[in-house]
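One structure is given below, represented as structure tokens, and several questions about it will come after.
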Protein chains: 2
Amino acid sequence: MRVAAQAEFAKRGFAGASVDKIAAAAHVNKAMIYYHFSSKAALYREILRDMFQAVGRRARAVAESNEPPADKIGLFIEAIAAEADARPHFPPIWLREVAEGGTHLDATVLRDITGVVQSLAAIIDEGVRRGRFTRVNPVLIHVSIVAPLMIHFGSRGLRERLERHGLRGAGTTPPALIEHLRRVALGLLEGRT
Amino acid sequence: MRVAAQAEFAKRGFAGASVDKIAAAAHVNKAMIYYHFSSKAALYREILRDMFQAVGRRARAVAESNEPPADKIGLFIEAIAAEADARPHFPPIWLREVAEGGTHLDATVLRDITGVVQSLAAIIDEGVRRGRFTRVNPVLIHVSIVAPLMIHFGSRGLRERLERHGLRGAGTTPPALIEHLRRVALGLLEGRT
DNA sequence: GTCTATAAATAGATAGAC
DNA sequence: GTCTATCTATTTATAGAC
């Protein structure tokens, strides 16, 4: 039921998602959905909470681990990528919420999102204190990591479409992207640029 | 009428957009929309074509200009940013289409999107031939530039929401982002990393 | 070209039997 | 907990007068 809802919201967005379709895909009666959740919006909110809570926790775990700052940067990138890979609905929903101005995000979710940025900022701060990093605006590092990851993992359908229409493959694999982003982030933070 | 439609599609997505609302915002009768466009989908398609054609042309103009490759990279970034800044509906619609797998993009639009990537690839190629750049996967450079730009310019509403909920400002201005992306791209291409 | 009125389908949500 | 049936609102789209 939740899985069906996640897929439907990812595929069509909140407005486009149909409770009838969710019920059909989950092989349950539509009335059952309203028995468990008070409304379509409430169901969506629960999915958003699960999603961002999981990401927030993972980012926090990386920031609080005992690795050197440079390794933490790599682990941060891998954590977001792993989350995007394991939950295919996550990147599309994330992209749609950005586009919509976060209309459906409640205070809990906004805290989790803030937490991700703060976790990254804490890693950078630690690196600066230890003399490993030069100070760079964490928001810029964040957007340079998270935006490509979300776009990449959220654009599977579009990339297939483009390739079917003749864009030469140039297939970028997740490991190659992760390695690329690590190079970008560390290149900036370790001042090799 | 087109402007109202662009705003509505950007705000609510294709499924969420209402022809009634577009008509009201444009101060025209709803029947007039169906007089000029055969359907809601056709209206949306025209907006998508305008949008991607404009971006494709700008990217192509940069690639075909007579600047040194390193300057072209900067101009490419500025061109996408200028387009995103001048057309506020562009980034949200772009993000939504990515999330939706490009369902509404016809062959014309797919060609324009391909063209943007190819323009960037041509710039990189030129730099490599002239011994200025090391060879890097153009798709990786592309996603490192375009994803942050679309996310940044498309997330104005979300960022306002986050700041209202207490995320410390760290306001990133468009010029700072552009300079940052130039450093990222040239750092990779000029092999300083 | 511009309008009113309305058709036809689908949406979210609920009442009430079991 | 689970189902059928249904209410109400909204949607895209069109017919037809002017």
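The analysis underlying the following values was restricted to heavy atoms, covering all of them including side chains, and did not include hydrogens, waters or symmetry mates. Numbered from 1 within each chain, the chains take letters A, B, ... in sequence-line order.
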Mind calculating the distance between CG (A/D20) and P (D/dT6) to the nearest angstrom? 16 Å
Choosing from C/dA13, C/dC3, D/dT11, which nucleotide comes nearest the side chain of A/S39?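 Side chain of A/S39 sits closest to C/dA13.
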Nearest whole Å is fine: how far is D/dG1 C1' from A/H27 NE2?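 Rounded to the whole Å, the gap is 19 Å.
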Quick one: which of C/dA15, C/dA11, D/dT14 gets closest to the side chain of A/S18? C/dA11
For DNA chain D, the dot-bracket notation using Watson-Crick and G-U wobble pairs below 3.5 Å, [ ] for pseudoknot-type crossings and | for other-strand pairs, is |||||||.||||||||||
To the nearest 0.5 Å, what is the distance between CD1 on B/I93 and OH on B/Y44?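 Taking CD1 in B/I93 and OH in B/Y44, the distance rounds to 5.5 Å.
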Would you indicate what B/A41 reaches in the nucleic acid, counting non-hydrogen atoms under 4.0 angstrom: base, sugar-phosphate, or nothing? nothing
Expected output: side-chain A/K72 to main-chain A/S65 donor-acceptor under 3.5 Å: yes
Please confirm whether the backbone N or O of B/A10 pairs with a side-chain atom of B/R96, one donor and one acceptor, at under 3.5 Å?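 Yes, because the side chain of B/R96 sits within donor-acceptor range (under 3.5 Å) of the backbone of B/A10.
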Which of these nucleotides, D/dT4, C/dG12, D/dT14, is closest to any side-chain atom of A/K40? C/dG12
Options D/dT11, D/dC3, C/dG12, nucleotide nearest the side-chain atoms of A/M32: D/dC3
Run the salt-bridge test on B/R159 and B/E163 with the 4.0 Å N-O cut-off and return the result as yes or no. no
Main chain of B/A17, side chain of B/K40: is a donor-acceptor contact present, judged purely on distance under 3.5 Å?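 Yes, the answer is positive, given that a donor and an acceptor are paired below the 3.5 Å cut-off.
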Between B/F14 and B/H104, is the ring centre distance below 6.0 Å? yes
Using whole Å, report how far NZ of B/K30 lies from C1' of C/dC3. 13 Å
Looking across every strand, which nucleic acid part, if any, lies under 4.0 Å from A/A15 by heavy atom: base, sugar-phosphate, or nothing? nothing
To the nearest angstrom, how far is B/Y35 atom OH from D/dC18 atom P? 19 Å
Quick check for you: among D/dT12, D/dA15, D/dG1, whose closest atom lies nearest to any side-chain atom of B/A31? D/dA15
Which whole-number value in Å describes the distance from A/L43 CG to C/dA11 P? 16 Å
Whole-Å distance, A/F37 CZ to C/dT14 P, equals 15 Å
Testing C/dG12, D/dA13, D/dT4 for proximity to the side chain of A/N29, the answer is D/dT4
What is the distance, to the nearest angstrom, from the CD1 atom on B/I33 to the C1' atom on D/dT14?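 Distance, rounded to whole Å: 14 Å.
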Report the relative orientation of the aromatic rings in A/F52 and A/F90; use parallel for angles under 30°, tilted for 30 to 60°, perpendicular for over 60°.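 Rings of A/F52 and A/F90: perpendicular, as their planes differ by over 60°.
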From C-beta outward on B/H36, which listed nucleotide comes closest to its side chain: D/dT11, C/dT2, C/dG12?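 Taking heavy atoms from C-beta onward, the closest nucleotide is C/dT2.
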Looking only at side-chain N and O atoms, does B/Y34 come under 4.0 Å of OP1 or OP2 in D/dA13? yes
